Every structure is written in C-alpha cells, then in structure tokens.
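Everything below concerns the one structure shown next.
Both counts, for ligands and for their atoms, begin at 1 and track the order of listing. These numbers were taken from a predicted model, which means no experiment stands behind them.
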Amino acid sequence: MRTFSYVGAPDVAGAVRAIAEEPNAKFLGGDTNLVDLMRERIEQPDTVVDISGLPLDEVEELPGGGVRIGATVKNSRLAADPLIRRRYPMLSQAILKGASAQLRNMATVGGNLVQRTKCPYFYDSAAACNKREPGAGCDAIGGFHRAHGILGVSQDCIATHPSDMCVALSAPDATVEVESVRGTRRIPLPEFHQLPGSTPHIETTLAADELITAVELPEAPVAVHSRYRKVRDRSSYAFALVSAAVALEVTGGKVTDVRLALGGVSAKPWRAHAAERALLGAPATEDSFRLAAETELEPATGLPGNAFKITLAQRTIVATLRDLLTDGSVA
Ligand code: SF4
C-alpha cells in the first residue's frame with residue numbers, strides 16, 4: 001500500500017472542506033470496503049478523510065411519517081432499530097442477510113451505498129476490466145460470470161451491485177441526502193446508482209467532493225407488509241445470485257399497493273416497475289404473480305453462465321409475493 005495522509009473530520013462542514021481542498025481524497029467511514037480497495041491498489045487516494053466520528057448516527061422519525069437514517073449508522077444497529085423492524089421489515093431482513101455479524105457491526109449506511117462490485121476480475125490486476133481501467137475490455141463476459149448481471153448490462157460491463165440493504169431501500173423509494181461546499185443536494189435512490197453503458201467506471205451520480213449525510217425513507221404503509229428473500233450459494237456470508245424486496249397490500253382479493261426491487265441482477269438495485277404495473281389492481285393470485293415476474297424479466301439478457309438467473313429471478317419474485325400472501329401479514 002502506498003503512503004497517504006490521514007485527516008480526522010471534526011464536523012460535516014470540516015469534512016466537505018477537507019475533501020474539496022484535496023482532489024485525490026476519499027472519505028473513510030466503516031473501513032469495510034475502501035481499505036480493501038487500497039490494499040489491492042484499485043483505489044489510491046493521497047488523503048483519507050475520516051468521517052466515522054461525525055454526528056450522523058441517528059435513526060429519527062420524520063414529521064410526515066417517514067424515517068431519516070444518518071449516514072454513519074452501523075448496519076447492525078439499523079437492522080435492530082424498532083422503527084425499521086416495524087415499518088420496513090424488508091430493510092431489517094436485507095441487512096441481516098448481508099455480510100457477517102462482524103462486518104455489519106462496522107459497515108455504515110453511507111458506505112453501503114457506495115460499495116463497489118465484487119466481480120472477481122475487478123480485483124485481479126492481471127485481468128481486463130473496463131471498470132478498473134476504462135477501455136481495457138471485460139474478461140467476465142467470456143469468462144466466469146455466474147454471479148453477473150442480466151438487467152441493464154452493457155457490452156462493456158456486466159457487474160452487479162453487491163448490496164442487500166440498497167435493494168430494500170430502493171423498494172420504498174428512498175432519497176439520499178448529500179453535502180458539499182456547494183450546499184445540500186437530495187438524490188432519489190433510483191438516480192443515485194448508474195447503469196454501466198460505455199462508462200462502467202462511473203457508478204453513481206455522487207460528485208467526488210460530496211458527502212452522504214443521510215438516507216430518508218418516505219412514509220409507506222405498504223412497507224409494513226414486506227419481505228426480503230435472498231437466493232445465494234451459501235446460507236451466510238455470500239452475495240445474492242438473486243434477491244427480492246417486496247411490499248404488498250391486498251384488499252378484497254386484489255393488489256392495491258405493491259413495491260418491488262431486485263438485487264444481484266444489475267449494476268444498481270433494480271426497481272421492478274413493470275411488475276408493479278402488472279400487479280396493481282390484479283387478483284392476488286399465483287397466475288398474476290407469475291405474469292408480473294415474466295413481464296419484469298422480459299428485457300433480461302443472459303450469458304451461458306448466468307442465463308439461469310432469468311428464471312431464478314422470476315421464481316424469486318413469485319415466491320416472495322406468495323410468502324407475503326400466505327404468512328398472515330397481508331389482508
Ligand atoms: Fe470489470 Fe465489469 Fe467486466 Fe467485471 S463485469 S471485469 S467489473 S468490466
């Protein structure tokens with residue numbers, strides 16, 4: 001690892017000032033991704049600005065019924081928060097299905113949003129990777145790509161976003177609040193992560209000098225009846241092959257509200273709007289669930305090693321909706 005300077009940020013204003021003064025600087029939060037990337041020489045900042053001591057570690061109820069989550073709230077604390085468990089159970093479940101207990105005790109909400117892909121070629125300096133080195137090529141496409149994406153992929157990159165938490169934040173349409181020397185900006189989560197296109201090295205709309213300060217969840221009564229299902233090769237400490245965060249409301253046998261997002265299939269949490277449109281007003285039956293899942297996966301493209309994910313994603317959507325319908329939490 002090459003040498004770098006360390007700056008402890010005293011407050012939010014000091015943190016954004018410090019990053020604005022140093023063009024090749026990075027924020028250091030929970031220490032669970034940036035340090036790994038520095039060891040592999042993928043990230044080589046001249047300065048790290050430590051934000052772990054900033055007063056951004058509260059989970060607060062908002063006047064309109066939503067919830068504001070500070071950027072340095074640890075994943076384990078968020079999963080255990082009574083407000084989150086009651087109003088957005090899919091978020092608590094998603095966090096507890098991610099990483100390990102030790103990592104969840106260190107990892108922060110802000111860091112989870114900007115964590116980078118786990119594509120093995122990205123971490124292998126001998127491999128061609130457009131995300132690590134623009135224009136180099138993509139060894140995953142002709143190589144081992146069992147865990148790679150099937151939605152929103154490009155000929156330059158098929159990597160997936162590794163987060164479980166972000167999938168569950170995406171379903172109820174969270175907003176990310178960021179701060180810089182220019183002021184405060186609010187970014188709807190669907191606009192935060194970027195699809196790869198021809199620039200897979202650009203992963204978010206966050207500017208280099210912007211600090212994530214909070215994530216806000218809007219009031220969403222439907223989210224009380226929600227669930228996160230994760231399909232993976234091992235029962236713990238494994239990334240999703242496919243996951244689904246689903247919230248469902250049924251009245252008189254018909255779907256009256258639904259939120260659906262997929263993980264493990266794209267470079268961003270995949271908001272399943274096509275499935276939602278197909279479900280809204282439809283009878284809450286297995287046939288409707290299957291039709292909605294097929295509609296959502298219609299634009300999916302698979303390679304020899306990961307085409308199985310198309311069917312797997314459809315089945316995961318149907319199974320999660322069925323679970324919600326039969327577990328007694330949905331009327
Ligand atoms: Fe790199 Fe993306 Fe290809 Fe993986 S899938 S090797 S991250 S360009």
Side-chain angles (χ1 to χ4, degrees), residues 1 24 26 32-45 98-99 103 107 110-167 170 189-208 230-234 237-243 261-271 297 299-313 316:
M1 194 187 289
N24 189 28
K26 288 277 176 186
T32 57
N33 193 212
L34 179 63
V35 174
D36 284 349
L37 294 165
M38 289 169 69
R39 285 201 184 103
E40 299 293 336
R41 295 177 183 266
I42 295 166
E43 299 274 12
Q44 300 192 57
L103 284 167
N112 199 310
L113 283 162
V114 293
Q115 67 176 303
R116 305 197 69 185
T117 185
K118 301 300 183 242
C119 171
Y121 299 100
F122 177 66
Y123 292 87
D124 178 359
S125 60
C129 173
N130 287 321
K131 189 183 281 297
R132 180 168 29 79
E133 188 185 341
C138 171
D139 274 354
I141 289 173
F144 182 70
H145 47 246
R146 185 168 181 276
H148 287 68
I150 52 171
L151 285 164
V153 295
S154 75
Q155 58 184 12
D156 290 322
C157 183
I158 56 171
T160 56
H161 193 268
S163 172
D164 295 292
M165 185 196 83
C166 291
V167 181
S170 166
L189 191 56
E191 295 167 23
F192 184 85
H193 297 103
Q194 297 290 286
L195 292 176
S198 58
T199 55
H201 58 292
I202 301 172
E203 295 169 349
T204 71
T205 50
L206 191 69
K230 180 173 181 178
V231 183
R232 49 186 161 172
D233 283 330
R234 287 190 307 261
Y237 200 43
F239 295 99
L241 287 168
V242 169
S243 67
L262 298 173
V265 295
S266 181
K268 61 191 290 184
W270 188 264
R271 199 67 176 77
L297 272 296
T301 53
L303 291 165
N306 71 349
F308 74 96
K309 279 191 172 191
I310 298 173
T311 306
L312 184 61
T316 304

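The shortest contact between atom 1 (Fe) of ligand 1 and any protein heavy atom is with Cys129 SG, 2.3 Å. From the protein, the heavy atom lying nearest to atom 6 (S) of ligand 1 is Tyr121 CB, 3.4 Å. Considering only non-hydrogen protein atoms, atom 3 (Fe) of ligand 1 sits nearest to Cys138 SG, 2.3 Å.
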Residue pair Thr160, Phe239: steps toward the side-chain contact (heavy atoms from CB on, under 4.5 Å) verdict: CA-CA 10 Å; Thr160 56; Phe239 295 99; over 6 Å; no
Worked check of side-chain contact (heavy atoms from CB on, under 4.5 Å) between Glu43 and Met38: CA-CA 5 Å; Glu43 299 274 12; Met38 289 169 69; 4.2 Å; yes
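Among the atoms of Cys157, no N, O or S atom is found under 2.8 Å from atom 1 (Fe) of ligand 1. Coordination check, Cys119 versus atom 4 (Fe) of ligand 1: passed, since an N/O/S atom of the residue sits under 2.8 Å.
Note that CZ of Phe122 is 10.0 Å distant from CD of Glu40, once rounded to the nearest 0.5 Å.
Within the 3.5 Å criterion, the main-chain N or O of Ala127 finds a donor-acceptor partner in the side chain of Arg132. The backbone N or O of Ile42 lies less than 3.5 Å from no partner atom in the side chain of Tyr123, so there is not a single donor-acceptor pair.
Assignment of Asp156 to the shell around ligand 1 is supported, since a heavy atom sits closer than 4.0 Å.
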